[in-house]
Amino acid sequence: MMLPEYRHGESAVHRLGSAWYAVVVPLLLSLTWATLSWGQPAPDTPLHSWPATLPANQIRVGKEKELWTRQLEMARRIGGKALLGLRNAPMDDSVPIDSSVLQAARDNYVLIRAAKQGMEIFKNDQKFPDPIMELAVQRVTAAWHLARTAVDRHSWGLSRQEYLTVAVRDLGMSVQLVDQVLIILP
């Protein structure tokens, strides 16, 4: 069997290598892009996690500043209502926490998450980094993590006193961070 002849200094492995690059490199790039974008909601899609009492148009993800500003203002209002309800809840287990208070905490979390993702899309679409926007996204992300405490820890089996102490502290800090973001955004 004769081996094919190629140009001077070129081997069959070299030819195979160039074909390999032409096929595998674009495939790897597309897989990398798919992996990085996996799990990210498409713009203008509503977010669903817990049962939310908010309409889909209020919790949709979008890069419009007016949308996530409105979502943060609603989160501040609803989060304040949830915080007040948690502060007024009895420390003993004799009476369950009002379900409307827990629902307000869930709605607060969903609104902050939608605003956070919209802000991230907006930030990633900018040609030049904006330090104010970077700071706002960092604060909204911190507020999002803190808002989750009042929602998740209710089902962790903590005593009422432990739950209320942590939930009031974290939800209060979350509302403060949302206030700060609304102040620093132009």
Side-chain angles (χ1 to χ4, degrees), residues 38-123 132-185:
W38 183 69
Q40 296 294 324
D44 298 330
T45 58
L47 293 173
H48 301 287
S49 58
W50 297 282
T53 57
L54 303 167
N57 67 342
Q58 291 179 346
I59 57 174
R60 73 179 176 88
V61 176
K63 63 181 180 179
E64 302 87 24
K65 182 180 183 279
E66 298 79 26
L67 174 66
W68 35 266
T69 302
R70 192 170 51 251
Q71 289 168 336
L72 290 174
E73 288 169 349
M74 287 179 61
R76 176 179 52 188
R77 191 174 59 252
I78 292 172
K81 186 170 89 173
L83 184 60
L84 184 63
L86 289 173
R87 283 184 179 152
N88 293 331
M91 287 291 196
D92 61 346
D93 291 330
S94 63
V95 179
I97 296 176
D98 187 10
S99 62
S100 66
V101 172
L102 296 175
Q103 187 61 50
R106 286 184 197 106
D107 291 344
N108 175 55
Y109 171 79
V110 169
L111 284 165
I112 293 173
R113 186 176 75 174
K116 173 188 151 312
Q117 290 184 343
M119 291 171 75
E120 287 173 342
I121 292 169
F122 178 80
K123 182 186 84 161
I132 300 295
M133 191 65 192
E134 292 280 337
L135 181 63
V137 170
Q138 287 174 359
R139 299 225 173 150
V140 166
T141 301
W144 174 60
H145 288 299
L146 290 166
R148 190 176 186 119
T149 303
V151 177
D152 285 348
R153 292 208 178 176
H154 182 259
S155 62
W156 281 16
L158 300 173
S159 72
R160 174 74 61 90
Q161 185 174 5
E162 290 173 324
Y163 167 72
L164 287 175
T165 302
V166 173
V168 166
R169 180 197 67 205
D170 288 357
L171 193 56
M173 290 171 58
S174 175
V175 170
Q176 286 178 348
L177 287 168
V178 169
D179 279 337
Q180 291 174 9
V181 169
L182 288 170
I183 289 171
I184 64 173
L185 286 177

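- Residues satisfying the side chain to side chain contact (heavy atoms under 4.5 Å, CB included) test with T69, not counting sequence neighbours, are K65, E73, L182.
- Considering only heavy atoms from C-beta on, L164 comes within 4.5 Å of I97 through its side chain.
- Contact between A82 and L171 at its shortest, heavy atoms only, is CB-CD2, 3.8 Å.
- For residues 78-101, the set of pairs meeting the ring pair (Phe, Tyr, Trp, His ring centres under 6.0 Å) definition, not counting sequence neighbours, is empty.
- Pairs of residues two or more places apart, or lying in two chains, that qualify as side-chain hydrogen bond (donor to acceptor under 3.5 Å, both in side chains) and include a residue from residues 74-87 are R76-D179.
- D92 is linked by a side-chain hydrogen bond (donor to acceptor under 3.5 Å, both in side chains) to S94, counting only residues two or more places apart in sequence or in another chain.
- Using a 4.5 Å heavy-atom cutoff, the side chains of V101 and L86 are in contact.
- Residues A150 and L102 share a closest heavy-atom pair of O-CD2, 4.4 Å.
- The structure places CD1 of I78 at 15.5 Å from OH of Y109, a figure rounded to the nearest 0.5 Å.
- The CH2 atom of W68 sits 12.0 Å away from the NZ atom of K63 when rounded to the nearest 0.5 Å.
- Closest heavy-atom contact between I112 and A147: CD1-CB, 4.0 Å.
- Residues L111 and I59 meet the side-chain proximity criterion, which asks for heavy atoms closer than 4.5 Å.
- Across M119 and L185, no two heavy atoms sit closer than the pair CE-CD1, 4.4 Å.
- Between Q117 atom CD and T141 atom OG1 the span is 9.5 Å, to the nearest 0.5 Å.
- Here NE2 of H145 is found 7.0 Å from NZ of K116. Values are rounded to the nearest 0.5 Å.
- Every side chain to side chain contact (heavy atoms under 4.5 Å, CB included) that Q180 has, sequence neighbours left out, goes to R139, L177.
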Run the side chain to side chain contact (heavy atoms under 4.5 Å, CB included) test on D107 and Q103 for me, step by step, so that the C-alpha distance in whole Å, both residues' side-chain angles and the decisive distance to 0.1 Å come before the verdict.
CA-CA 6 Å; D107 291 344; Q103 187 61 50; 3.1 Å; yes

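- No more than 12 heavy-atom neighbours from other residues, nucleotides or ligands sit within 6.0 angstrom of CE on M173.
- Taking the side-chain hydrogen bond (donor to acceptor under 3.5 Å, both in side chains) definition, one finds that S159 meets it with E162, sequence neighbours left out.
- The two residues N108 and S174 have their closest heavy-atom pair at ND2-OG, 4.4 Å.
- Minimum heavy-atom separation, Q58 to Q71: O-NE2, 3.1 Å.
- Atom CE of residue M133 and atom CD of residue E120 lie 9.0 Å apart, to the nearest 0.5 angstrom.
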